[in-house]
Every structure is written in structure tokens, then in C-alpha cells.
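A short worksheet on the structure shown next.
Residues take their numbers from the sequence shown, with the count starting at 1.
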Amino acid sequence: MGRTSRHDQSSPLLDREVGYVRKPHAGRLRVALAFPNTYWVGMSNLGLQTVYRLFNDLDDVVCERVFLPGRSELAAALERPGSLATMESGTLVRDVDVLAFSVSFEWDYTNVISLLRLAGLPLYAAERSARHPLVVIGGAVTFVNPEPLAPFVDVVAAGEGEVLVPALVREIGAAAGRDTLLHALARERGFYVPALVQVRYGEGGTIEAFEPAPEAGITLPVRKAALAASAGADPPSTVIFTPDTEFGSRLLVEVVRGCANLCRFCWAGYNYLPVRAFPADRILAIARAARVHANRVGLVSIALCDHPEIDRLLSELLAMGYSISPASLRLDDLTEPIVRILRESGERSITIAPETGSDRLRRVINKTMTNDEILDRADLIFRSGIENLKLYFMIGLPTETDDDLVAIRDLCIAIKDRMMAHGRPRGRVGRIAASVNPLVPKPGTAYQWLPMATPASIERSIKRLRSLTAGIDNVYFSLKSERHSFYQALLSLGDRRVAPVIVAAERNGGQWRAAAAEAGVDPGFYVYRDRSADAVLPWDIIDGGLKAAFYRSEFEKGLREEWTLPPRRAAENIRLLPMVP
């Protein structure tokens with residue numbers, strides 16, 4: 001037993017890995033951990049790597065991985081249902097005890113169906129029996145809205161793996177049978193058993209209530225499971241290194257969980273509260289041990305500088321010889337010491353998200369930075385020698401006007417002027433890449449009741465932006481159409497009745513319009529309908545910790561163009577506050 005870098009059978013992928021686990025199966029709970037995408041994508045996912053470690057840290061569990069075959073191999077594989085096997089030992093997935101999915105993205109929902117088919121398992125939980133593996137789903141989507149996937153799974157693990165994995169294994173070990181296990185799990189914090197919950201619909205098709213089975217003895221909603229504090233927890237980090245992945249042999253390590261900024265559109269900001277920093281000494285110890293396998297470190301956080309020892313972390317990682325890449329940076333993360341260290345570690349590009357070009361609209365969405373501050377940070381970035389900048393913007397935001405679209409153009413030109421001022425004297429002018437996406441209102445945010453902007457409205461904004469930004473040298477715009485976001489919104493905002501659409505889309509190769517028609521589902525009911533009068537929303541089945549009254553208050557503050565400042569920002573200069581006419 002233990003971690004190894006070799007395999008006793010011919011397996012090119014395993015031969016190039018360092019850190020995977022081999023254990024004898026006898027007497028152990030056998031878990032197939034499935035990532036519903038390819039190995040290349042899945043092995044770059046920190047959630048997958050963390051759950052793999054959490055399972056295998058338990059002596060009475062053997063956890064092995066399963067991925068979706070590549071596109072060129074998938075069709076042939078689907079002709080052999082039941083042939084899906086784990087990487088580490090080649091065990092058929094249909095023979096394991098638990099099939100655990102780690103799902104992070106809505107677009108992977110059809111891949112969940114493909115993996116169930118490849119495993120030779122009935123798609124719907126109601127069609128499976130105790131002789132089949134227990135199908136569990138966890139990952140980021142469980143914090144938001146698990147309902148579109150609920151009919152396919154026995155158990156939804158809603159929350160953070162550090163709490164959920166030990167509880168799942170404990171209950172499996174104690175249960176006398178499948179039915180007893182499901183009832184026991186449904187009484188544990190963080191576990192949602194869809195079969196024990198019925199949905200009652202009203203005349204208009206909206207949800208009136210979630211009703212637990214009378215004999216279940218459970219209360220609703222299901223409270224998400226979360227680490228009370230990070231002080232005693234190991235930071236999630238890469239445990240298997242391989243060159244055959246999107247990030248190569250880069251060490252990924254989570255630095256801070258949660259974000260206090262509370263941007264009104266951001267599900268992660270709300271749902272990973274409270275903000276918890278992982279111990280600096282543990283992060284650095286992991287980095288030292290991994291240095292033999294990696295020369296780049298990716299710092300995973302949506303609030304990097306909320307770590308109280310961030311300067312020390314960056315300095316010591318740099319001293320170890322790491323090139324440092326933050327997974328994302330808030331604008332207020334960009335202090336001079338941090339930008340300098342990133343530049344010294346080899347970074348040539350930074351990504352920031354102004355979200356819009358106007359201070360007014362930033363107050364609406366609670367993005368607590370001004371254009372003056374953004375330009376100040378841009379000047380710092382280019383002055384420090386970093387040449388390229390990627391910007392994220394959104395359209396279709398509440399109260400958006402044409403002036404806000406013009407402001408995106410003007411802000412990009414002003415940022416470009418800073419880039420040119422520093423790049424020309426050096427003889428190296430970089431580029432600015434601006435990505436523009438329509439807003440998809442997300443569950444568990446202040447915008448969860450909003451309809452998505454109509455196709456005509458989004459197309460008008462895209463056409464207008466194209467005309468505004470045509471011919472701006474060194475600034476490259478990527479404008480995502482409404483069509484791409486529409487079905488993401490359906491999967492994000494849907495309920496159990498969307499499940500047949502997912503099945504049909506998996507079968508027809510992702511033709512979502514045809515899939516919805518086949519399933520008899522009107523996507524517009526979920527995407528373009530105002531939900532403010534709905535008694536119950538699909539995602540109300542999970543209690544993420546914040547109440548509807550808070551979200552409504554935040555939405556109303558946005559309409560008044562008022563910020564809700566995080567503690568650190570509230571203590572800063574009063575100039576952040578909006579001017580009252």
C-alpha cells in the first residue's frame with residue numbers, strides 16, 4: 001500500500017505519474033472517483049485531486065480514478081457498455097461499491113450520463129438496485145443547484161470534501177443495507193438523498209414545496225457541510241503529478257477559501273463563506289516536498305490577499321525557485337510587492353476582472369473598485385514589467401445602458417495607453433485580451449430571481465461592442481454569444497424536469513434545442529422568467545448558509561447603486577462611497 005510512481009501493468013499514463021495510490025482491494029471499500037471529462041482536463045482539477053487524497057488517506061478505503069475517453073475513442077467505447085474500468089487496477093466500475101462523481105461545470109452534465117452508460121449502469125437512480133454501486137455526486141455544482149442531476153444519483157454530497165468524505169465512509173461502514181444507508185445519510189449534514197424527497201408543483205409549473213418522505217425522519221433544506229475553520233486542515237493541493245494534463249506538472253495549492261467582497265453575481269463568493277486561510281507553514285511544507293516534481297506553483301483562491309501571510313508565502317515560494325501563478329486575482333490583490341514577486345517569478349501575464357467599464361454599474365453589481373483604481377493597478381502591472389493583461393467583462397447586467405458599453409471601450413483604451421507608455425521605451429509592447437460574456441444569473445446569489453437578458457438584447461449589445469472596439473490596436477475582444485450561455489443557464493437554473501433534456505443532449509451530440517423539444521421542456525420557462533414571485537426555487541433544497549432576505553436586500557441595494565463594502569474596504573478612504581446627488 002502507498003503512493004507510487006510506477007504501475008505493474010502496461011499503462012502509459014500511469015507510468016508518467018508520480019503520486020498515485022495502489023492498495024489491495026480485499027476488505028476495503030472500493031470507490032471509483034469519476035471526473036466527467038477527459039484525463040487531460042480532470043487531472044488539472046484541484047477538487048478531484050483533493051477528494052482522491054481524502055478517500056485514500058482512510059486505510060479501509062481504496063479509491064481509483066475514472067475519466068471520460070477522448071472524443072476519438074468515446075463513440076467506440078459507448079458500443080461496449082460495462083467496459084469502463086479504473087485506471088489504477090483496471091477494476092470494472094460496475095463492480096465497485098461507490099461511484100463518486102466530482103462535478104465542477106454544468107457543461108459536464110452530459111458527460112455524467114456518458115460515464116454511467118460506459119459503466120453499464122441504469123441512468124436513473126430509480127432503475128438501480130443494491131447490486132449496483134452507490135452513485136454519489138459532489139463538487140462545486142452541489143453548492144449551487146444539484147436538482148438537474150438529482151434523478152441520476154443516489155446521494156448528493158453538498159459541501160466541502162474534508163467534512164463529507166469521512167462521514168460518507170463512516171455511514172457506509174455502519175449501515176446494514178442500501179435502504180438503511182440512504183436513510184442514515186439523509187440525516188447527516190451535507191447529504192441529500194433525492195429519492196427521499198418529493199417535489200410538489202403548482203399550476204404554473206413552479207415549485208410549491210420539497211416534501212420529505214414521511215418515514216424518512218429528515219428535515220429540509222439540507223444544510224451544506226463546511227469546514228468550521230482551516231487551522232487544522234491540510235490545504236488542498238496536487239497529489240498526483242503528470243505531464244499529461246492541462247497544467248503540466250504544476251503544483252496547485254489552495255491558499256484561501258471564500259471571499260468577503262460579495263459581488264452580487266458571484267455564487268462562489270457567497271457559497272464558500274466564511275473566508276478561511278490555510279496555514280502558511282503547511283502550504284510551504286507542501287511546496288517544499290513538491291519542488292522535485294514541479295517548478296511552477298498555482299495559488300488557488302478567489303481572495304489571494306485575504307491570507308494574512310501572503311507576502312511571506314510569495315517570498316518563500318520565490319526563494320524555492322518556483323514560478324508563481326495565481327489562479328485569479330482580485331483588483332485589490334494587486335499591491336506593489338505582490339506584482340513585483342509575480343514578475344520576478346517569471347509571470348508575463350495577469351488576469352483581472354473589471355466586469356464593466358463604468359463606476360456606476362460596478363456599484364450595481366458590488367464590484368468595489370473604481371476606474372481610477374483599475375488604471376492605477378494597470379499602471380503598476382505594466383511598470384513592473386508584466387507585458388500582457390487579460391480582462392473579463394459582462395454584458396446583460398441589471399440597469400445596463402449604452403453608456404456602460406461605451407465605458408468598456410473607453411476603459412480598455414485607457415488601459416492600453418498605460419501599456420504603451422511602459423512598453424514602447426522597452427521595445428516590447430504586449431497585448432490586452434478582453435473577454436465579454438453575457439450574465440448568467442446564478443443560484444445562491446443576489447441575482448437568483450432574475451431572468452437572463454433576451455437573445456435580441458444580448459445580440460444588440462454584442463453588435464454595439466463590436467462597432468465600438470473595431471480597430472483598437474493591441475486590444476483583442478472575444479465576445480461570447482447568448483446561444484453559448486443560454487443552455488448553461490438552463491442547467492444552472494433548472495429543476496429535476498430538466499434531467500431528460502440532459503439525457504437527450506448526451507445521445508444527440510449536444511444538440512440542446514432538439515433535446516429540449518424531445519423532452520417536452522420549454523427552456524425559456526427556466527431562463528427568461530422572472531422568479532421573484534416563486535414560493536420555492538429549485539436550489540432551495542440546499543441551505544448554503546445565507547437567507548433569501550439577505551439576497552433580496554443586496555439586490556435592492558444594487559438598484560440603488562450602493563456598495564456593500566467588505567471589512568477591509570470599509571476601513572479605507574471614503575472616496576469609495578457613491579456620490580449622492
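- In terms of heavy atoms, R16 sits closest to D244 at NE-OD2, 2.6 Å.
- Using a distance-only test at 3.5 Å, with no hydrogens or angles considered, no donor-acceptor pair links the side chain of N45 to the main chain of G42.
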Using the rule given for salt bridge (charged side-chain N to carboxylate O under 4.0 Å, His left out), can you reason through D97 versus R30, listing the C-alpha separation, both sets of side-chain angles and the distance that settles it, and then say yes or no? CA-CA 5 Å; D97 303 305; R30 296 171 300 166; 3.6 Å; yes
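- Side chain of D540 to backbone of V536: no donor-acceptor contact under 3.5 angstrom is found.
- Residues L251 and F241 form a side-chain contact, since some pair of their non-hydrogen atoms from C-beta on lies under 4.5 Å apart.
- Within 6.0 Å of atom CZ in R343, more than 12 heavy atoms from other residues, nucleotides or ligands are found, so the atom counts as buried in its surroundings.
- In this structure, S102 and P36 approach most closely via the heavy-atom pair O-CD, 3.2 Å.
- Between Y272 and C259, the closest side-chain pair of non-hydrogen atoms is not below 4.5 Å.
- Between the side chain of R291 and the backbone N or O of M320, at least one donor-acceptor pair lies under 3.5 Å.
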Passes side-chain contact (heavy atoms from CB on, under 4.5 Å), Y192 versus L185? Steps please. CA-CA 8 Å; Y192 166 39; L185 283 171; over 6 Å; no
Check the pair I324 / E347 against side-chain contact (heavy atoms from CB on, under 4.5 Å), numbers first and verdict last. CA-CA 7 Å; I324 304 167; E347 279 296 289; 5.7 Å; no
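- Between N145 and S492 there is no side-chain heavy-atom pair separated by less than 4.5 Å.
- Atom CH2 of W512 sits about 11.0 Å away from atom CD of Q488, to the nearest 0.5 Å.
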Hey, mind stepping through R170 and E188 against salt bridge (charged side-chain N to carboxylate O under 4.0 Å, His left out) and telling me if it holds? CA-CA 11 Å; R170 181 180 67 247; E188 282 275 337; 3.2 Å; yes
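- If you take CG on L68 and CZ on F35, they are separated by 10.5 Å, rounding to the nearest 0.5 Å.
- Counting only N and O atoms by type, the side chains of E127 and H132 include no donor and acceptor under 3.5 Å apart.
- For S89 and E64, the side-chain atoms include at least one donor-acceptor pair closer than 3.5 Å.
- Distance check, rounded to the nearest 0.5 Å: CZ of F101 to CG of L116 gives 4.0 Å.
- Of the possible polar contacts, none joining the D154 side chain to the L134 backbone as a donor-acceptor pair under 3.5 Å is found.
- Seen from the ring of Y322, R296 does not count as a face-on cation partner, given the 6.0 Å and 45° thresholds.
- Taken from OG1 in T180 to NE2 in H183, the straight-line distance is 8.5 Å, to the nearest 0.5 Å.
- Under the 4.5 Å side-chain criterion, counting only non-hydrogen atoms from C-beta, R276 is not in contact with H307.
- Residues L227 and E162 form a side-chain contact, since some pair of their non-hydrogen atoms from C-beta on lies under 4.5 Å apart.
- When all heavy atoms of T110 and A505 are compared, the pair lying nearest together is CG2-CB, 4.0 Å.
- Remark: side-chain polar atoms of S83 are paired, donor with acceptor, to backbone N or O of R80 under 3.5 angstrom.
- The OH atom of Y392 lies 12.0 Å from the CD1 atom of I352; values are rounded to the nearest 0.5 Å.
- When atom types are taken as modelled, the side chain of Q49 and the backbone of P236 share no donor-acceptor pair closer than 3.5 angstrom.
- Checked by atom type and distance alone, the side chain of K23 pairs as donor or acceptor with a backbone atom of N56 at under 3.5 Å.
- Residues I542 and T142 fail the side-chain proximity criterion, which asks for heavy atoms closer than 4.5 Å.
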Which is it for V503 and F152 under the side-chain contact (heavy atoms from CB on, under 4.5 Å) test, yes or no, and what are the steps along the way? CA-CA 10 Å; V503 173; F152 308 123; 3.6 Å; yes
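- Using cut-offs of 30° and 60° on the angle between ring planes, the pair Y39 and F67 is perpendicular.
- Each of V21, V31, T86, L14 was evaluated against R65; a single residue qualifies, L14, per the side chain to side chain contact (heavy atoms under 4.5 Å, CB included) test.
- Looking at W539 and V144, their side chains never come closer than 4.5 Å, going by heavy atoms from C-beta outward.
- Remark: the backbone N or O of L342 is paired with a side-chain donor or acceptor of S345 at under 3.5 angstrom.
- We find that E88 and R22 are not joined by a salt bridge, their nearest charged nitrogen and carboxylate oxygen being 4.0 Å or further apart.
- Pairing each heavy atom of D311 with each of P337, the nearest pair is OD1-CB, 4.5 Å.
- Residue S325 holds its OG atom at 11.5 Å from CZ of R348, rounded to the nearest 0.5 Å.
- Between the S44 side chain and the E246 main chain, a donor and an acceptor come within less than 3.5 Å of each other.
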Verdict with reasoning, Q448 to Y270, per side chain to side chain donor-acceptor pair (under 3.5 Å): CA-CA 12 Å; Q448 63 182 356; Y270 288 116; over 6 Å; no
Yes or no on side-chain contact (heavy atoms from CB on, under 4.5 Å) for L334 and R330, after CA distance, side-chain angles and deciding distance? CA-CA 7 Å; L334 294 170; R330 287 189 329 212; over 6 Å; no
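- The shortest side-chain heavy-atom distance between V222 and D543 does not fall under the 4.5 Å cut-off.
- Between A260 and D306, the closest heavy-atom pair is N-OD2, 4.2 Å.
- Between the side chains of E506 and S114, at least one donor N or O sits under 3.5 Å from an acceptor N or O.
- Of all heavy-atom pairs spanning I283 and V255, the tightest one is CD1-CA, 4.0 Å.
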Salt bridge (charged side-chain N to carboxylate O under 4.0 Å, His left out) assessment of R187 paired with E171: CA-CA 11 Å; R187 291 189 289 269; E171 292 298 341; over 6 Å; no
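- At distances below 3.5 Å, at least one donor-acceptor pair connects side-chain atoms of R128 with backbone N or O atoms of P122.
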